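Everything on this sheet refers to the single structure shown next.
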2 protein chains.
Amino acid sequence: MATLGDVAARAGVSISAVSRVLSNHPSARVSEATRVRIVDAARDLQYRPNFAGRALKSARTQVIGLVVPDLTNALFTELMHGAEDEARACDYTVLLGRSDDVRPGGEVIERLIGEGRVDGMVVQVGDGVPPAGLGDLLASNAPIVLINSAYPGHVGSVALDDETGARLATQHLVDLGHRDIVLANGLPRSFTAKRRRVGYQRALTDAGIAVDRTRELRLGYTAANGRAALRRLLALEVRPSAVVVANVNAAVGLLAEARAHGIRVPDDLSVVCVHDSWTAENTWPPLTAVKMQFYAMGRTAVRGVIARIETGAMVDEVITDPAPELIVRESTAPYPS
Amino acid sequence: MATLGDVAARAGVSISAVSRVLSNHPSARVSEATRVRIVDAARDLQYRPNFAGRALKSARTQVIGLVVPDLTNALFTELMHGAEDEARACDYTVLLGRSDDVRPGGEVIERLIGEGRVDGMVVQVGDGVPPAGLGDLLASNAPIVLINSAYPGHVGSVALDDETGARLATQHLVDLGHRDIVLANGLPRSFTAKRRRVGYQRALTDAGIAVDRTRELRLGYTAANGRAALRRLLALEVRPSAVVVANVNAAVGLLAEARAHGIRVPDDLSVVCVHDSWTAENTWPPLTAVKMQFYAMGRTAVRGVIARIETGAMVDEVITDPAPELIVRESTAPYPS
DNA sequence: GTGAAAGCGCTAACAG
DNA sequence: CTGTTAGCGCTTTCAC
């Protein structure tokens with residue numbers, strides 16, 4: 001690979017002149033002639049600035065780490081796009097990582113920051129035990145923005161409007177005439193589950209329907225959890241006519257399990273879920289879902305980390321604009337009169 | 001962050017002594033006493049080697065880039081795990097990237113290598129137009145291993161055994177008594193589609209069934225492509241009794257479209273697909289699928305890049321062990337007699 | 001056994 | 001306008 005020195009030699013100028021020109025330094029008062037010579041030489045040699053050299057000198061990598069529990073979860077498609085778009089706009093790059101990595105020595109987050117591989121991070125901690133050592137890191141005031149998750153005392157987070165999302169989903173069922181609506185939620189300790197629960201209860205209360213704790217299942221966000229939720233539903237004394245599933249992946253599992261048990265959706269059971277993804281349109285029946293604004297969350301989170309890096313500011317935000325959006329498909333139907 | 005200098009100062013030794021001890025250099029002939037002092041000091045200061053410093057000096061990053069068309073495709077879960085496990089075993093780290101990035105300036109691969117962010121790459125080029133400039137890169141003999149894809153003349157690739165995969169799927173239908181079996185394949189120019197087609201034809205030929213080109217659809221690997229394939233099926237003069245779908249995502253779409261048209265699976269149509277993922281067990285009916293060995297491919301590909309980096313060797317491999325594995329679920333049934 | 005010193009590629013302050 | 005120079009954190013050769 002060509003270095004600044006190579007370019008300088010070819011253009012017949014000094015290394016610093018090349019550096020100034022190629023990084024459009026504001027103080028690059030350079031004659032047009034040499035500028036052209038330098039640019040030409042760089043092109044001819046296919047010059048690319050060496051990452052390590054630049055990072056070492058400037059103590060900056062222009063890289064933001066994005067760490068989520070499961071990278072291949074289709075839900076994160078938009079999150080990544082949002083993060084990348086914002087990063088690109090600010091001259092940063094996004095580095096992806098997984099946090100489900102609980103193996104010893106797999107303290108990804110600490111390493112990325114500690115070794116100076118990234119300037120800051122956007123992290124979603126899973127619903128299980130938070131990665132050991134994360135507390136120390138956050139306390140150390142590193143440029144970390146949490147998404148869809150929380151850590152006691154940490155400032156610097158961006159969350160989706162889970163409450164509104166769950167409320168819209170529940171409201172939709174209420175509007176269809178349902179009164180006995182079960183919530184198939186995430187694990188009780190989960191940050192998002194708590195918020196979705198509030199939205200669910202609020203919709204019921206607004207409609208004058210009594211909230212009943214026995215109608216709240218708290219199993220988790222995977223397809224297997226959704227299947228388990230359906231079985232719990234079947235075991236109830238009185239079967240609900242509708243269910244709000246707090247996650248689209250769980251809803252996919254719930255739907256499959258319903259077919260297996262001969263429950264017809266939406267005739268016997270209306271199903272609506274929080275989160276949309278390509279899978280939701282390809283179930284049968286296609287799932288009515290509340291689309292959450294992952295793209296905006298990605299952009300906002302990255303913007304937040306960069307602000308923290310460059311100005312020191314740190315805030316907690318909730319994405320309310322655009323608002324969560326109900327997408328009616330065919331898994332919900334009016335309550336049979 | 002603490003530097004070597006900080007640790008040296010605290011331990012009362014020279015920087016080079018610290019460097020030798022902390023990187024277990026073979027020539028680290030150090031007295032046990034100083035070794036202990038150094039290790040203690042490093043621990044106290046929470047020393048972490050600076051990535052840029054090390055990379056700059058050694059001209060090595062110990063990072064392998066893994067670039068696939070769509071990171072959130074659930075199919076890639078195992079691929080990433082395989083790549084990461086092998087990388088960890090060889091003291092490397094994996095950096096994830098997307099290649100669907102056709103925006104101008106978005107030549108991810110060239111940048112990662114050219115700027116020295118990675119030592120080598122594992123790349124799957126999509127089925128569309130190969131990224132501009134990839135040819136130059138490959139010609140430049142960079143340490144790049146292609147997976148599930150090909151580039152004219154390039155040596156250095158790892159592929160799944162697509163032919164066997166498609167053959168097993170087709171064979172399964174033949175064994176069930178089906179004779180008129182359609183192949184819903186990827187785009188004709190696609191590397192994998194060609195190979196799967198061969199396997200499909202081979203199974204038919206082996207069973208003494210004539211190959212009929214009009215029974216081969218070539219639409220692509222997305223759910224939408226699968227839906228389109230189903231509609232094509234319906235438009236055929238004579239409806240087949242079974243279909244081999246070359247990709248699980250397409251199969252999910254095909255299944256949903258079938259329900260929408262009142263086609264019963266497997267009664268009216270048996271469906272088997274190539275590739276397995278969590279979605280395949282959560283459709284209705286659950287999809288009979290051929291599990292391909294993504295984990296092994298991930299490991300092998302990373303091993304290949306590292307071998308290339310460290311020894312210069314470069315080969316083309318096909319993952320035949322473990323072999324593709326038929327997983328029978330409920331989307332296939334015997335041909336009605 | 002241990003330390004001094006050079007240099008990887010780059011930026012920026014300073015000199016001319 | 002342009003060149004010289006120091007130094008970021010690290011590894012490694014060489015000298016003691």
Side-chain angles (χ1 to χ4, degrees), chain A residues 1-39 41-42 45-63 91 111-119, chain B residues 1-39 41-42 45-63 91 111-119:
Chain A
M1 286 291 111
T3 69
L4 275 189
D6 299 334
V7 178
R10 182 171 237 261
V13 296
S14 75
I15 291 185
S16 52
V18 180
S19 173
R20 280 188 290 249
V21 168
L22 295 185
S23 44
N24 320 294
H25 202 277
S27 80
R29 305 173 309 163
V30 185
S31 75
E32 189 56 18
T34 53
R35 215 190 63 77
V36 169
R37 280 221 311 291
I38 290 174
V39 169
L45 295 173
Q46 305 216 57
Y47 171 76
R48 301 217 183 231
N50 179 275
F51 174 70
R54 182 173 275 186
L56 182 56
K57 176 63 193 174
S58 58
R60 278 290 182 77
T61 59
Q62 301 293 115
V63 176
D91 264 309
R111 280 195 50 195
L112 290 175
I113 298 246
E115 297 180 357
R117 285 172 192 256
V118 302
D119 292 339
Chain B
M1 284 290 110
T3 71
L4 276 189
D6 299 334
V7 178
R10 181 172 238 262
V13 295
S14 75
I15 291 184
S16 48
V18 179
S19 174
R20 280 188 290 249
V21 168
L22 295 185
S23 44
N24 319 294
H25 202 278
S27 81
R29 305 175 309 162
V30 185
S31 73
E32 190 55 20
T34 54
R35 215 189 62 77
V36 170
R37 279 221 311 292
I38 290 174
V39 169
L45 296 173
Q46 304 216 56
Y47 172 76
R48 303 218 182 229
N50 178 275
F51 175 71
R54 182 173 275 187
L56 183 56
K57 177 64 193 175
S58 58
R60 279 290 182 76
T61 60
Q62 300 292 116
V63 175
D91 264 309
R111 281 195 49 195
L112 290 175
I113 298 246
E115 298 180 355
R117 287 171 192 256
V118 302
D119 293 339

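None of the values given here were measured: they were computed from a predicted structure.
Smallest separation of non-hydrogen atoms from B/V13 and B/V18: CG2-CG2, 3.7 Å. Shortest non-hydrogen contact noted between B/L4 and B/S19 is CD1-CB, 3.8 Å. What you find for B/Q62 and B/D119 is that their closest heavy atoms are N-OD2, 2.8 Å.
Rounded to whole angstrom, the span from the CZ atom of B/R117 across to the C1' atom of C/dC10 amounts to 14 Å. In this structure, A/Q62 atom CD and C/dC10 atom C1' are separated by 14 Å, rounded to whole Å.
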Only pairs under 3.5 Å count here: list side-chain donor-acceptor contacts from residues 46-57 of chain A, not counting sequence neighbours, and write none if there are none.
unit_1, atom_1, unit_2, atom_2, d
A/N50, OD1, A/A52, N, 2.9
A/N50, OD1, A/G53, N, 2.8

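Looking at residues two or more places apart in sequence or on another chain, you find a side chain to side chain contact (heavy atoms under 4.5 Å, CB included) between A/T3 and A/D6. Residues forming a salt bridge (Lys or Arg N to Asp or Glu O under 4.0 Å) with B/R37 (at least two apart in sequence, or on another chain): none. In this view, A/R10 and A/A41, A/D44, A/L45 satisfy the side chain to side chain contact (heavy atoms under 4.5 Å, CB included) rule, not counting sequence neighbours.
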Each nucleotide N or O in nucleotides 9-11 of chain D that has a protein N or O under 3.5 Å away: list the pair and distance.
unit_1, atom_1, unit_2, atom_2, d
D/dG9, N2, B/G53, O, 3.1
D/dC10, OP1, B/Y47, OH, 2.5
D/dC10, OP1, B/N50, N, 2.9
D/dC10, OP2, B/L4, N, 2.6
D/dT11, OP1, B/R54, NE, 2.7
D/dT11, OP1, B/R54, NH2, 3.0
D/dT11, OP2, B/S19, OG, 3.0
D/dT11, O2, B/K57, NZ, 3.3

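Five base pairs at each end of the helix from C/dG1-D/dC16 to C/dG16-D/dC1 define two local axes, and these are offset by 50° (rounded to 10°).
Checked by atom type, the side-chain pair B/S31/B/T34 shows a donor-acceptor distance below 3.5 Å.
Contact annotation for A/A59: no contact, since no heavy-atom pair falls under 4.0 Å across all strands.
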